A.B. asks: 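Here's a structure for you.
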Amino acid sequence: MRRFFSFRRMTGAMLGVVLAVLLVVPGVQAETRTLPKDTKLHPQGWTVGDKVEFKKGTVLTTNDLGEVISGTLKDDTFLQPRGWERVINDYYYVSAYAVGSFFPRFHRSFIERSYNMAIPGYGHLRYKGGTPVTFSEQGEVLRGTLAEQATVRLVAGKYGFLTLRENTVLAVYDSGAIRSGVLADDTHLRPIGWRTNLAANDSVGFVKFSAKQAIEFDENGEVTVGTLKEKVTWRSTAGEVVEFPANTVVRFNGEGALVIKTVV
C-alpha cells in the first residue's frame, strides 16, 4: 500500500511538471491578428533589436515567440531579401541639402545647395509601403513588393542578371534563388528542357521573354512560366515539335511546353 501511494505521488509530481512546462513554453502554432493601430514589431529571425512598422487594420502573422512572419508594411522599408548576396544595384541615391549664408551690405541672403549622395545598400532592397512581406526563419524577405527597380544575379556563381520592375512582387526560394518576378526588360533566358531543344541558329537554348510580364523559375534559374517575345519552335508536352507564337504565356517542363494563354 505504501509503495502504491509513493507511485501515485510521483505520478502527480510528474504531471505537475508537464503542466508547468506547457504553461511556460509558448505554443508552436502561428497566430494571426488584425492590428488596431500602426505598430512597430520584430520580424522573426532578426538578431539585432530593430523594429519594422506594420500598418493599422491589416492582418499580421506571428510565430510562437510573437515575432512577425508576415505583415503589411506601413511605409517603404529597406529589408534584406533571402539571397541578398545576389543583389547588384547595391547603392541608393538620396538628395541632401546644405544652406549657406552671406552678408551683403543691406541684408542677409541664403543660398541652398542640393547634393546627390550614394548610400550603400548592404544587400537590402526597398519594399513598398502598404504591401505585405513574408520573412524567412532567418529574417530575410521571401516575398514582397519592390518599391523601385532591382537588379539581381539569376544563378549564384554564374554570370547573368535580371532587372525586375518596381511596384511588382519578387518571390524567392528558401535557398535564395529567384522564384518569380516581373521583368523590366526583354531578356534572353533558358527554359526547362532547353538542352533537348537546341536550335540550329546558335541560340544554344536561349529564348527571349517579354518585359513587363511575370516570369517564374525553378531553383536552377531555368524558366518554368514566361511570356514569349518572339515565336519559338519547341516541343509540346505531347512530344511534338510545334511553333509557339509571340505574346503567349508558356509553361515549360522537362517533357516539353504548353501554351497557357495569349497576352493581348
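Quantities reported herein were computed from a predicted structural model and do not represent experimental measurements.
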A.B. asks: Is the closest side-chain heavy-atom distance between Arg82 and Asp174 below 4.5 Å?
C.D. replies: yes

A.B. asks: About how many Å separate CD of Glu148 and CZ of Arg165, when rounded to the nearest 0.5 Å?
C.D. replies: 14.0 Å

A.B. asks: How long is the straight-line distance from CD1 of Ile260 back to CZ of Arg251, given to the nearest 0.5 Å?
C.D. replies: 4.0 Å

A.B. asks: Nearest 0.5 angstrom please: Lys261 NZ to Thr227 OG1, how far?
C.D. replies: 7.5 Å

A.B. asks: Taking all non-hydrogen atoms of both residues into account, name the closest pair between Arg143 and Ala171 and its distance.
C.D. replies: NH1-CB, 3.7 Å

A.B. asks: State, with a plain yes or no, whether a side-chain heavy atom of Ile178 is found less than 4.5 Å away from one of Leu162.
C.D. replies: yes

A.B. asks: Should we say atom CD of Glu137 is surrounded by more than 12 heavy atoms from elsewhere, each under 6.0 Å from it?
C.D. replies: no

A.B. asks: Begin from the C-alpha positions of Thr237 and Glu255 and carry the test side chain to side chain contact (heavy atoms under 4.5 Å, CB included) through to its verdict.
C.D. replies: CA-CA 6 Å; Thr237 52; Glu255 299 175 355; 5.6 Å; no

A.B. asks: Identify the heavy atoms of Glu219 and Ser175 that sit nearest to each other, and give their distance.
C.D. replies: OE1-OG, 2.7 Å

A.B. asks: Does any part of the side chain of Asp186, heavy atoms only, come nearer than 4.5 Å to the side chain of Phe209, both counted from C-beta?
C.D. replies: no

A.B. asks: Donor-acceptor check, side chain of Asn63 to backbone of Leu65, threshold 3.5 angstrom: yes or no?
C.D. replies: yes

A.B. asks: Closer than 3.5 angstrom, by distance alone: can the side chain of Glu243 be matched with the main-chain N or O of Val232 as a donor-acceptor pair?
C.D. replies: no

A.B. asks: Counting neighbours of CZ on Arg235 that are heavy atoms of other residues, nucleotides or ligands and sit closer than 6.0 Å, is the number greater than 12?
C.D. replies: yes

A.B. asks: State yes or no: do Leu183 and Trp194 share one hydrophobic cluster built from I, L, V, M, F, W and Y residues joined by side-chain heavy-atom distances below 4.5 Å, directly or via other members?
C.D. replies: yes

A.B. asks: Tell me if a side-chain donor or acceptor on Arg190 pairs with a main-chain N or O of Val204 at a distance below 3.5 Å.
C.D. replies: yes

A.B. asks: Please test Leu41 against Lys51 for side chain to side chain contact (heavy atoms under 4.5 Å, CB included), starting from the C-alpha separation and ending with a verdict.
C.D. replies: CA-CA 5 Å; Leu41 296 165; Lys51 292 183 178 181; 5.9 Å; no

A.B. asks: Are any non-hydrogen side-chain atoms of Leu189 and Ile215 less than 4.5 angstrom apart?
C.D. replies: yes

A.B. asks: What heavy-atom pair brings Gly254 and Ile192 nearest, and what distance separates the two atoms?
C.D. replies: N-CG2, 3.4 Å

A.B. asks: Which residue, Thr196, Leu258, Val207, forms the side-chain contact (heavy atoms from CB on, under 4.5 Å) with Trp234?
C.D. replies: Val207

A.B. asks: Any chance you could measure Leu154, atom CG, to Arg86, atom CZ, to the nearest 0.5 Å?
C.D. replies: 7.5 Å

A.B. asks: Looking only at atom types and distance, does a side-chain atom of Asp185 sit under 3.5 Å from a main-chain N or O of Thr163, one as donor and one as acceptor?
C.D. replies: no

A.B. asks: With hydrophobic residues grouped by side-chain heavy-atom distances under 4.5 Å, do Val59 and Val68 end up in a single group?
C.D. replies: no

A.B. asks: Does His42 reach the main-chain N or O of Asp50 with its side chain, forming a donor-acceptor pair under 3.5 Å?
C.D. replies: yes

A.B. asks: Would you kindly confirm whether Trp84 and Val155 end up in one hydrophobic cluster when ILVMFWY residues are joined by side chain heavy atoms under 4.5 Å apart?
C.D. replies: no

A.B. asks: Tell me, yes or no, whether the heavy-atom count around Glu85 atom CD, taken from other residues, nucleotides or ligands under 6.0 Å, exceeds 12.
C.D. replies: yes

A.B. asks: Do Lys128 and Leu73 come within less than 4.5 Å of each other through their side chains, counting heavy atoms only?
C.D. replies: no

A.B. asks: Do Phe135 and Leu142 have side chains that get closer than 4.5 Å, going by heavy atoms?
C.D. replies: no

A.B. asks: Determine the minimum heavy-atom distance between Ala30 and Thr61, stating which atoms define it.
C.D. replies: CB-CG2, 4.1 Å

A.B. asks: Which pair of non-hydrogen atoms, one from Asp218 and one from Tyr173, has the smallest distance, and what is that distance?
C.D. replies: CA-OH, 3.6 Å

A.B. asks: Out of curiosity, Gln80 CD to His124 NE2, how far, rounded to the nearest 0.5 Å?
C.D. replies: 4.5 Å

A.B. asks: On a heavy-atom basis, which atom in Leu146 and which in Ala150 lie closest, and how many Å separate them?
C.D. replies: CD1-CB, 4.1 Å

A.B. asks: Are any side-chain N or O atoms of Ser236 and backbone N or O atoms of Ala238, one a donor and one an acceptor, separated by less than 3.5 Å?
C.D. replies: yes

A.B. asks: Between Asp38 (side chain only) and Lys56 (backbone N and O only), is there a donor and an acceptor less than 3.5 Å apart?
C.D. replies: yes

A.B. asks: How far apart are the C-alpha atoms of Arg153 and Phe161, what are their side-chain angles, what is the distance that settles it, and do they pass the side chain to side chain contact (heavy atoms under 4.5 Å, CB included) test?
C.D. replies: CA-CA 4 Å; Arg153 186 183 297 273; Phe161 313 99; 3.9 Å; yes

A.B. asks: Give, for atom CZ of Phe54 and atom NZ of Lys74, the distance between the pair rounded to the nearest 0.5 Å.
C.D. replies: 13.0 Å

A.B. asks: Side-chain contact, heavy-atom cut-off 4.5 Å: Phe217 with Val223?
C.D. replies: yes

A.B. asks: In the single-linkage hydrophobic clustering (I, L, V, M, F, W, Y; side-chain heavy atoms under 4.5 Å), do Val133 and Val169 co-cluster?
C.D. replies: no

A.B. asks: Check whether any side-chain heavy atom of Thr39 sits under 4.5 Å from a side-chain heavy atom of Leu60, and report yes or no.
C.D. replies: no

